[in-house]
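Encoded as structure tokens, the structure appears first; notes follow it.
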Amino acid sequence: MLEGIITCPHCGAIASEPMPADACLIFYACKSCGVVLRPKSGDCCVFCSYGSMPCPPVQAQRAGSMGEAQNECSGLKPKRGP
């Protein structure tokens with residue numbers, strides 16, 4: 001899945017956003033209240049912390065299609081939100 005729903009923990013706003021397959025989204029500005037979301041401790045990106053599903057690299061890892069050496073978003077470039 002390359003589309004995810006992000007729910008802002010501050011105002012409860014819900015937004016459908018594209019998930020980059022080649023990067024981790026580490027900052028996301030809520031379109032409703034403007035708060036900048038960052039991943040929770042232990043999560044690689046905002047989709048893994050506040051999304052309806054984890055980011056594509058984590059989805060692939062869970063499906064077993066990535067090698068064991070590739071851990072979640074490691075090795076992918078960070079990406080700022082839209």
Side-chain angles (χ1 to χ4, degrees):
M1 304 286 289
L2 294 176
E3 186 92 7
I5 306 291
I6 292 180
T7 302
C8 178
H10 297 278
C11 72
I14 297 171
S16 179
E17 297 291 344
M19 291 191 283
D22 63 345
C24 294
L25 188 65
I26 56 172
F27 297 105
Y28 175 78
C30 175
K31 293 178 180 171
S32 181
C33 69
V35 168
V36 176
L37 303 179
R38 292 173 179 79
K40 294 177 184 175
S41 179
D43 286 342
C44 62
C45 68
V46 295
F47 285 104
C48 291
S49 294
Y50 308 105
S52 58
M53 64 187 67
C55 65
V58 172
Q59 290 179 45
Q61 182 184 38
R62 288 181 183 170
S65 63
M66 293 179 80
E68 299 245 351
Q70 183 76 17
N71 184 14
E72 296 179 0
C73 290
S74 63
L76 297 177
K77 61 187 177 204
K79 182 175 179 181
R80 295 189 181 262

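What you see is a predicted model; the values in this text were computed from it and never measured.
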Mind checking the [atom1]-[atom2] spacing from [X] to [Y]? Nearest 0.5 Å is all I need.
X     : Y     : atom1 : atom2 : value
Leu2  : Gln59 : CG    : CD    : 7.5 Å
Ser49 : Leu25 : OG    : CG    : 10.5 Å
Phe47 : Leu37 : CZ    : CG    : 10.5 Å

Listed partners of Ser52 passing side-chain contact (heavy atoms from CB on, under 4.5 Å), at least two apart: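 Residues passing side-chain contact (heavy atoms from CB on, under 4.5 Å) with Ser52: Ile5.
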For the student: nearest non-hydrogen atoms of [X] and [Y], plus distance:
X     : Y     : answer
Cys55 : Cys44 : SG-SG, 3.7 Å
Cys48 : Val58 : SG-CG2, 3.9 Å
Glu3  : Pro18 : OE1-CA, 3.9 Å
Cys8  : Cys33 : SG-SG, 3.8 Å
Lys31 : Glu17 : NZ-OE2, 2.7 Å
Pro56 : Met19 : CD-CB, 3.7 Å

Hydrophobic cluster identity match, Val46 and Val35, side-chain contacts under 4.5 Å: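 Linked, Val46 and Val35 end up in one cluster.
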Residue pair Cys30 / Cys11, side-chain heavy-atom distance below 4.5 Å: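 SC-SC contact between Cys30 and Cys11 confirmed.
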Minimum side-chain heavy-atom gap Arg62-Pro54 below 4.5 Å: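 Yes, side chains in contact.
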